[in-house]
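Notes follow the structure.
Model, not experiment: these values are computed from the prediction.
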Amino acid sequence: MNKLNKIFEKWYELAKIGLEKGLNEECIDFSPREIVIVGMGGSGIVGNTLEDISHFYGMNAKVTTVKSNVIPFKPDERSLFIVISYSGNTIETLSAYKQLLEENAKTLVITSGGLLEKFAIENKSCMIKLTPKLLPRGDFPEIFYSILGLLVKNNVLRAINNEKLHSSIEVLKEDLENYAKNIANEAKDKIVIFISSKPYLSVAIRFKNDFAENSKSISFVEEIPEFLHNSIEGINRLLMFYKDRIKILSIGGKMLFNNIFYESFKEALNLKITEVDLGSDGVLNEIVRGFKLSGLVSLKLASIYDIDPDETSSIDVYKEKLSSVLGNRSF
Ligand SMILES: O=P(O)(O)OC[C@H]1O[C@](O)(CO)[C@@H](O)[C@@H]1O
């Protein structure tokens, strides 16, 4: 069995571990006005998820995400930067962290080790240490719940209590195997366009990323209603030529708009839309279920294609080239 499948079986456990870490973390000694999540790929996606959570439940701080080597604004004294890198060696994240240190920003580092851990210790940043020997994109529950625990404990996120947090973790025990297999079969040999909107947008982005990294498949995310004001023209033209090669999957779309809006949207698109069922038991549960489903579908698709979901050789080429260009330039 590949590593991702094995990690996936530990998601329930990892969520519980993460939540404990967040609830016990003492590092926030002020009321942040702004929370900025800094990270790439499977670490950065946590920022999108928190934006979705904030969009629906509201938070006492504005949440933004930076997926870049540069922080494009000056830190405020009431900004908290949560710098996440599972490996601790992602160059973009290290560079952004260095900039934050230079600007005396308040930081919380979340990592399993690497240079980020080293620098965090040297600079006395707060740190949450992650379970070692996993894959970055596999440790989503531990990272996500550690931050949720921290925000709930510090009254930044008041609409979610401990009970709600714990019951959302129970979602990870559900058996979604058959449903995931059905979606993977529908996506097989297709270019998938995920259509979504906040508070489900992070689920659609995760699907796109999981399809790419785990199943080596290209897919796209389009946000409603914006895509109905531009991309739909291009998509409908593409459908004239490749109708049988394109699949439109809606992530939470049906829950977001009233019938008239949704019917008009379906009418405008020249292809049937398939709804991905995230359940209807609260946005937090639905997001958590969506992330689990995304992982399962991408692993099923990888197995249909007989692809190793763990390896990411093109990304490795990029990382090696970047390291060789930067040499031992210190961060
Ligand atoms: O969490 P890390 O170790 O910074 O990695 C970030 C991203 O980089 C990758 O390893 C690929 O570049 C992804 O799989 C991962 O999500």
Side-chain angles (χ1 to χ4, degrees), residues 1-18 39-50 52-53 84 86-87 112 130-131 133-148 168-188 190 192 194 196 200-219 221 247 249-252 274 276-279 284-312 315:
M1 196 196 267
N2 57 67
K3 198 167 177 183
L4 270 176
N5 263 304
K6 282 193 201 135
I7 298 172
F8 228 69
E9 288 170 2
K10 292 190 189 147
W11 265 34
Y12 178 77
E13 203 185 309
L14 287 169
K16 293 224 157 198
I17 294 171
M40 305 300 295
S43 293
I45 189 74
V46 180
N48 299 95
T49 315
L50 291 166
D52 275 345
I53 296 282
I84 315 170
Y86 180 82
S87 64
S112 73
L130 299 168
T131 304
K133 299 196 176 108
L134 305 172
L135 282 174
R137 60 192 184 279
D139 201 21
F140 171 78
E142 186 178 17
I143 303 173
F144 178 56
Y145 278 100
S146 68
I147 300 178
L148 278 189
S168 70
I169 294 180
E170 295 305 308
V171 166
L172 294 171
K173 279 191 163 169
E174 293 170 2
D175 182 0
L176 300 173
E177 292 284 331
N178 280 335
Y179 187 43
K181 204 182 279 176
N182 292 344
I183 302 176
N185 281 325
E186 290 203 41
K188 179 178 174 281
K190 304 268 167 75
V192 176
F194 294 104
S196 189
Y200 302 103
L201 191 59
S202 61
V203 179
I205 298 171
R206 176 66 170 201
F207 260 98
K208 186 228 355 133
N209 293 349
D210 276 349
F211 268 41
E213 287 190 82
N214 305 344
S215 336
K216 283 56 173 179
S217 305
I218 186 72
S219 61
V221 174
K247 179 91 202 160
L249 291 180
S250 157
I251 308 286
T274 305
V276 173
D277 184 6
L278 302 180
L284 177 59
N285 288 10
E286 289 154 19
I287 289 175
V288 171
R289 190 174 291 112
F291 268 69
K292 177 168 174 183
L293 204 51
S294 165
L296 286 176
V297 173
S298 68
L299 291 176
K300 303 270 174 231
L301 200 54
S303 131
I304 292 173
Y305 293 154
D306 198 18
I307 275 172
D308 176 359
D310 295 350
E311 68 85 28
T312 47
I315 296 173

Here the gap from Phe8 atom CZ to Lys292 atom NZ, rounded to the nearest 0.5 Å, amounts to 7.0 Å
For Glu311 and Lys216: C-alpha separation, side-chain torsions, deciding distance, then whether side-chain contact (heavy atoms from CB on, under 4.5 Å) applies. CA-CA 10 Å; Glu311 68 85 28; Lys216 283 56 173 179; 3.6 Å; yes
Residue Lys16 excluded, over 12 heavy atoms near NZ under 6.0 Å: yes
Residues at least two apart in sequence or cross-chain that pass side chain to side chain contact (heavy atoms under 4.5 Å, CB included) with Asn5, listed by chain then number, are Met1, Asn2, Leu299
With the side chain counted from C-beta on, respond yes when Leu301 and Ser217 share a heavy-atom pair under 4.5 Å apart, and no when they do not. yes
CE of Met40 to OG of Ser87: how many Å apart, nearest 0.5 Å? 11.5 Å
Determine, step by step, whether Thr274 and Ile183 satisfy the side-chain contact (heavy atoms from CB on, under 4.5 Å) criterion, reporting the C-alpha distance in whole Å, the side-chain angles of both residues, the deciding distance to 0.1 Å, and the verdict. CA-CA 9 Å; Thr274 305; Ile183 302 176; over 6 Å; no
Scanning both residues in full, the closest heavy-atom pair of Pro309 with Ala302 reads CB-CB, 4.1 Å
Working to the nearest 0.5 Å, report the span between OG of Ser250 and CG of Asp277. 10.5 Å
Quick one: does Val297's side chain get under 4.5 Å of Tyr179's, heavy atoms only? no
If you look at every heavy atom in Glu186 and Lys190, which pair is closest and at what distance? O-CG, 3.6 Å
Report the distance from atom CG of Leu176 to atom CG of Leu296, rounding to the nearest 0.5 Å. 6.0 Å
Where do Gly138 and Trp11 come nearest, in terms of heavy atoms and distance? O-NE1, 2.9 Å
Which pair of non-hydrogen atoms, one from Lys300 and one from Ala184, has the smallest distance, and what is that distance? CB-CB, 3.6 Å
Given the options Thr312, Asn209, Asn214, Asp210, Arg137 meets side-chain hydrogen bond (donor to acceptor under 3.5 Å, both in side chains) only with Asn214
Does NZ or CZ of Lys208 come closer than 6.0 Å to the centre of the six-membered ring of Phe194, within 45° of the ring's axis? no
Which atom names give the shortest non-hydrogen contact between Phe207 and Leu293, and what distance separates them? CZ-C, 4.0 Å
Correct closest heavy-atom pair for Tyr86 and Lys133 would be OH-N, 3.2 Å
Name all residues meeting the side chain to side chain contact (heavy atoms under 4.5 Å, CB included) criterion together with Asn185; count only those two or more places apart in sequence or in a different chain, and write none if there are none. Lys181, Ile304
Please step through side-chain contact (heavy atoms from CB on, under 4.5 Å) for the pair Tyr200 and Val276, ending with a clear verdict. CA-CA 11 Å; Tyr200 302 103; Val276 173; over 6 Å; no
Calculate, to the nearest 0.5 Å, the distance between atoms CG and CD1 belonging to Leu148 and Ile143 respectively. 12.0 Å
Is it the case that the side chain of Ser215 and the backbone of Ala212 share a donor-acceptor pair, with hydrogens and angles ignored and the cut-off at 3.5 Å? no
Side chains of Ser202 and Phe291, heavy atoms from C-beta outward: is any pair under 4.5 Å? yes
Any Thr49 side-chain heavy atom under 4.5 Å of Ile287 side chain: yes
Any side-chain heavy-atom pair of Ile7 and Asp139 under 4.5 Å: no
Please name all residues satisfying side chain to side chain contact (heavy atoms under 4.5 Å, CB included) with Thr131, sequence neighbours left out, ordered by chain then number. Leu14, Ile17, Lys21, Leu134, Glu142
Value for OG (Ser219) from CG (Leu249), rounded to nearest 0.5 Å, stands at 9.0 Å
Is there a donor-acceptor contact under 3.5 Å from the side chain of Ser298 to the main chain of Ser294? yes
